[in-house]
There are 2 protein chains.
Amino acid sequence: MSLKYAVLAALLEGEASGYELSKVFDVSFANFWASTPQQLYRELERLTRDGLVEARVVRQERRPDKRMFTLTEAGREDLRAFAAEPPRRPTAIRDELLIKIQAMDDADPEATRALVEERMAWARGKLARYARVRERLLDGRSEERYLREADRIGPYLTLLGGIAFEEENLRWCERVLAALRQRTPRG
Amino acid sequence: MSLKYAVLAALLEGEASGYELSKVFDVSFANFWASTPQQLYRELERLTRDGLVEARVVRQERRPDKRMFTLTEAGREDLRAFAAEPPRRPTAIRDELLIKIQAMDDADPEATRALVEERMAWARGKLARYARVRERLLDGRSEERYLREADRIGPYLTLLGGIAFEEENLRWCERVLAALRQRTPRG
DNA sequence: CTCCCATAGTCAACTAATTGAATAGGTGCG
DNA sequence: CGCACCTATTCAATTAGTTGACTATGGGAG
C-alpha cells in the first residue's frame with residue numbers, strides 16, 4: 001500500500017522518530033492518509049529492512065531512547081518515481097457520521113443534531129491546528145511569496161487542501177442542521 | 001467495522017441484490033464508505049447469517065439467478081441504534097494523489113500537472129453522476145420542498161456532501177495548477 | 001463470428017489494519 | 001502521594017480489505 005510512500009514523503013521534511021511521525025500523521029497527514037502509530041512502526045521496520053530509510057538510535061537522558069529515521073538515496077528515488085505516476089487506487093473515504101446521516105429517520109432528530117454539532121466542534125479544532133501549521137510554514141512570508149520562493153510547496157498545498165476540506169465540512173454541517181430545523185421547527 | 005451499517009443503510013432504500021449494491025457503493029456511497037463487490041458479498045453473507053437481512057433467490061430468464069436482500073426488523077433496529085450513537089473512529093481518508101503532491105519537487109512539474117488534470121476530469125465525471133442521482137431524488141420538486149416533505153432526507157444530505165466535496169476538490173486542483181504555473185511560467 | 005461488456009456472482013490467497021495490552025521512566029496537578 | 005498524561009515504542013491476536021482468477025449467460029459492435 002502507499003502508507004509506504006506517505007512515510008517516505010513525511011521524511012522528506014527531515015529526520016524523525018516514529019513517535020514524531022505519529023504526531024504528523026495525526027495532524028497534517030491525517031487529511032489524506034490516516035494511520036495509527038502501530039502501523040507506522042511496522043512500516044518503518046519494513047522500510048529500514050528494504051534500505052529505503054536509515055535508523056540511528058538516540059540515547060536520551062530523561063526520556064526513553066528513540067530511533068531517528070532518515071531517507072536514503074534509494075528511498076528518495078523510489079518516492080520520486082511514485083510521485084510521477086498516476087494513482088493506482090481511487091480516493092477512499094470512511095466516514096461513519098455520513099452512514100448515520102444516510103440512515104437517519106425522523107424518530108430522533110435531537111440525537112442526529114448532537115452528532116452533527118460534535119463533528120463541527122471537531123472540524124473547528126482541526127482548522128485551528130491547521131492554522132498553526134500554516135503560520136509555521138509561512139513564517140511571516142505572504143502566501144504568494146511562499147509559493148514562488150519556498151523550496152518545496154507540496155506540504156503547503158496539501159495543507160490548503162485540508163483547510164478547504166474542513167471548511168467545506170463545516171458548511172455542510174450547517175446545511176444539515178438547517179434541514180433538521182425545517183423538519184422539527186419546535187425541537 | 002461499519003461496512004455492516006453502510007450495507008444496512010443502503011438496504012433502507014429497499015430490496016437489492018449484491019450486484020445492485022455494488023453499483024450504489026460505486027456512486028453515491030463511494031463518497032463516504034468505499035468498498036468492493038467482494039467485500040459486499042461477504043458482508044451480505046454475514047448479515048444473513050446474523051439475521052439482520054433476509055435473502056430470496058430470484059430466478060431470471062435471460063440472466064443469472066440473483067439473490068435479493070431485505071432488511072429484517074432486527075437489522076432495522078440495529079441500524080437505528082447505530083445511527084444514534086457517536087462515531088467510534090474518526091474519518092479516514094486515503095488519497096494517493098495528495099501523497100504525490102506532498103512529495104513533489106520542481107524536477108518534473110509537467111508530471112504533477114498531468115496528475116492534477118486527471119483528478120479534475122475524474123471529479124467532473126463524479127459531479128455529473130451526482131447531478132443525475134440528485135435529479136432522480138428530487139423528481140421535479142424543489143430542494144426546499146424535498147427537504148420539508150420527503151420521507152427520508154438522509155440520502156439527499158449525504159449526496160449534497162458528495163457534491164460539495166467534489167466541487168471543493170476541483171477548486172483545490174485549480175489552486176495547485178496556479179501555484180505550479182507561478183513556479184514554471186514557461187512550461 | 002468473435003470479442004467485449006453487462007449481469008450476477010464465488011473462491012482462495014494474501015496483505016493491511018485494528019484492538020488491546022505491556023513496558024518504562026518523567027512531569028505536572030491537586 | 002497518587003493519578004493521569006507524555007514520551008517512545010513493541011507484541012499478539014483478530015478482523016478487514018485487496019487481488020486476481022473463475023463460472024455462466026446474453027447482448028451488441030464490428
Side-chain angles (χ1 to χ4, degrees), chain A residues 1-8 10 15-27 29-30 32-50 53 55-69 87-96 99, chain B residues 1-8 10 15-27 29-30 32-50 53 55-69 87-96 99:
Chain A
M1 288 276 279
S2 9
L3 172 56
K4 170 179 167 182
Y5 295 105
V7 171
L8 295 178
E15 197 183 38
S17 69
Y19 193 75
E20 283 161 357
L21 285 177
S22 79
K23 301 286 157 203
V24 169
F25 274 80
D26 217 48
V27 188
F29 272 60
F32 55 91
W33 208 272
S35 79
T36 60
Q38 289 81 352
Q39 269 177 277
L40 291 176
Y41 283 114
R42 242 185 309 126
E43 198 60 46
L44 286 166
E45 213 66 46
R46 206 170 331 188
L47 291 171
T48 306
R49 176 169 50 58
D50 295 348
V53 308
R56 69 189 178 95
V57 174
V58 174
R59 244 153 272 255
Q60 294 185 114
E61 288 281 300
R62 300 157 192 285
R63 270 129 215 271
D65 292 358
K66 62 181 173 182
R67 272 180 310 159
M68 297 293 285
F69 298 90
R88 291 166 179 237
R89 272 165 305 101
T91 306
I93 302 184
R94 300 282 159 90
D95 188 343
E96 276 190 30
I99 302 180
Chain B
M1 288 279 279
S2 10
L3 172 57
K4 170 179 167 182
Y5 295 105
V7 170
L8 295 178
E15 197 183 39
S17 68
Y19 193 75
E20 283 161 357
L21 285 177
S22 78
K23 300 285 158 205
V24 170
F25 274 79
D26 218 47
V27 188
F29 272 59
F32 56 91
W33 208 271
S35 82
T36 60
Q38 289 82 351
Q39 269 177 277
L40 291 175
Y41 284 116
R42 242 185 310 131
E43 198 60 44
L44 285 166
E45 214 66 47
R46 208 170 330 189
L47 292 171
T48 307
R49 175 167 52 56
D50 296 347
V53 308
R56 70 188 177 94
V57 174
V58 174
R59 243 152 272 254
Q60 295 184 114
E61 288 282 300
R62 299 156 194 284
R63 270 132 215 267
D65 292 358
K66 60 180 173 184
R67 272 181 311 160
M68 297 294 283
F69 298 90
R88 294 171 176 234
R89 271 164 307 99
T91 307
I93 303 184
R94 300 284 158 89
D95 188 342
E96 276 190 29
I99 302 180

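Here is the naming used below: chain letters follow the sequence lines, and residue numbers restart at 1 for every chain.
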For this session: For A:A30, check side chain to side chain contact (heavy atoms under 4.5 Å, CB included) against everything at least two apart and list the hits.
Result: A:K126
Exercise. Got a sec, which residues hit side-chain hydrogen bond (donor to acceptor under 3.5 Å, both in side chains) with A:S2, two or more places apart in sequence or on another chain?
Worked result: B:E96
Exercise. Which residues in residues 15-25 of chain B have at least one heavy atom lying under 4.0 Å from any atom of DNA chain C?
Worked result: B:S17, B:G18, B:Y19, B:K23
For this session: State, to the nearest 10°, the angle formed by the axis through the first five base pairs of the helix from C:dC1-D:dG30 to C:dG30-D:dC1 and the axis through its last five.
Result: 40°
For this session: Not counting sequence neighbours, which residues clear salt bridge (Lys or Arg N to Asp or Glu O under 4.0 Å) with A:R56? List them please.
Result: A:E15
Result block: side-chain N/O donor-acceptor pairs under 3.5 angstrom for residues 41-48 of chain B, not counting sequence neighbours:
{"from": "B:Y41", "atom 1": "OH", "to": "B:Y19", "atom 2": "N", "distance (Å)": "3.3"}
{"from": "B:T48", "atom 1": "OG1", "to": "B:L44", "atom 2": "O", "distance (Å)": "2.6"}

Seminar exercise, completed: Nt span of DNA chain C in reach of chain A heavy atoms at under 4.0 Å, 5' end first, is C:dA16 to C:dT27
Exercise. Does the side chain of A:V7 reach to within under 4.5 Å of the side chain of A:F25, using non-hydrogen atoms?
Worked result: yes
Exercise. Does A:F69 have any ring pair (Phe, Tyr, Trp, His ring centres under 6.0 Å) partners at least two apart in sequence or in another chain, and if so, which?
Worked result: none
Exercise. What is the distance, rounded to the nearest whole Å, between atom CG of A:D65 and atom P of D:dT10?
Worked result: 11 Å
Problem set entry | Separation of B:I93 CD1 from A:W33 CH2 (nearest 0.5 Å) | 11.0 Å
Exercise. How long is the gap from CD on A:Q39 to OG on A:S22, to the nearest 0.5 Å?
Worked result: 11.5 Å
Exercise. Under the side-chain hydrogen bond (donor to acceptor under 3.5 Å, both in side chains) test, which residues partner A:E20, sequence neighbours left out?
Worked result: none
Seminar exercise, completed: Residues passing the salt bridge (Lys or Arg N to Asp or Glu O under 4.0 Å) test with B:R49, sequence neighbours excluded, are none
Exercise. With sequence neighbours excluded, what pairs up with B:D26 under the side chain to side chain contact (heavy atoms under 4.5 Å, CB included) test?
Worked result: none
Pick out the pairs of N or O atoms, protein on one side and nucleotides 17-19 of chain D on the other, that lie under 3.5 Å.
{"from": "D:dG17", "atom 1": "OP1", "to": "A:R94", "atom 2": "NH1", "distance (Å)": "2.7"}
{"from": "D:dG17", "atom 1": "OP2", "to": "B:Q39", "atom 2": "NE2", "distance (Å)": "2.9"}
{"from": "D:dG17", "atom 1": "O5'", "to": "B:Q39", "atom 2": "NE2", "distance (Å)": "3.2"}
{"from": "D:dG17", "atom 1": "N7", "to": "B:R42", "atom 2": "NH2", "distance (Å)": "3.3"}
{"from": "D:dT18", "atom 1": "OP2", "to": "B:Q39", "atom 2": "OE1", "distance (Å)": "2.9"}
{"from": "D:dT18", "atom 1": "O4", "to": "B:R42", "atom 2": "NH2", "distance (Å)": "3.4"}
{"from": "D:dT19", "atom 1": "OP1", "to": "A:R89", "atom 2": "NE", "distance (Å)": "3.4"}

For this session: Write down the distance between CG (A:L40) and P (D:dT10), rounded to a whole number of angstrom.
Result: 12 Å
For this session: Answer with base, sugar-phosphate or nothing: what part of the nucleic acid does B:R46 contact at a heavy-atom distance below 4.0 Å?
Result: sugar-phosphate
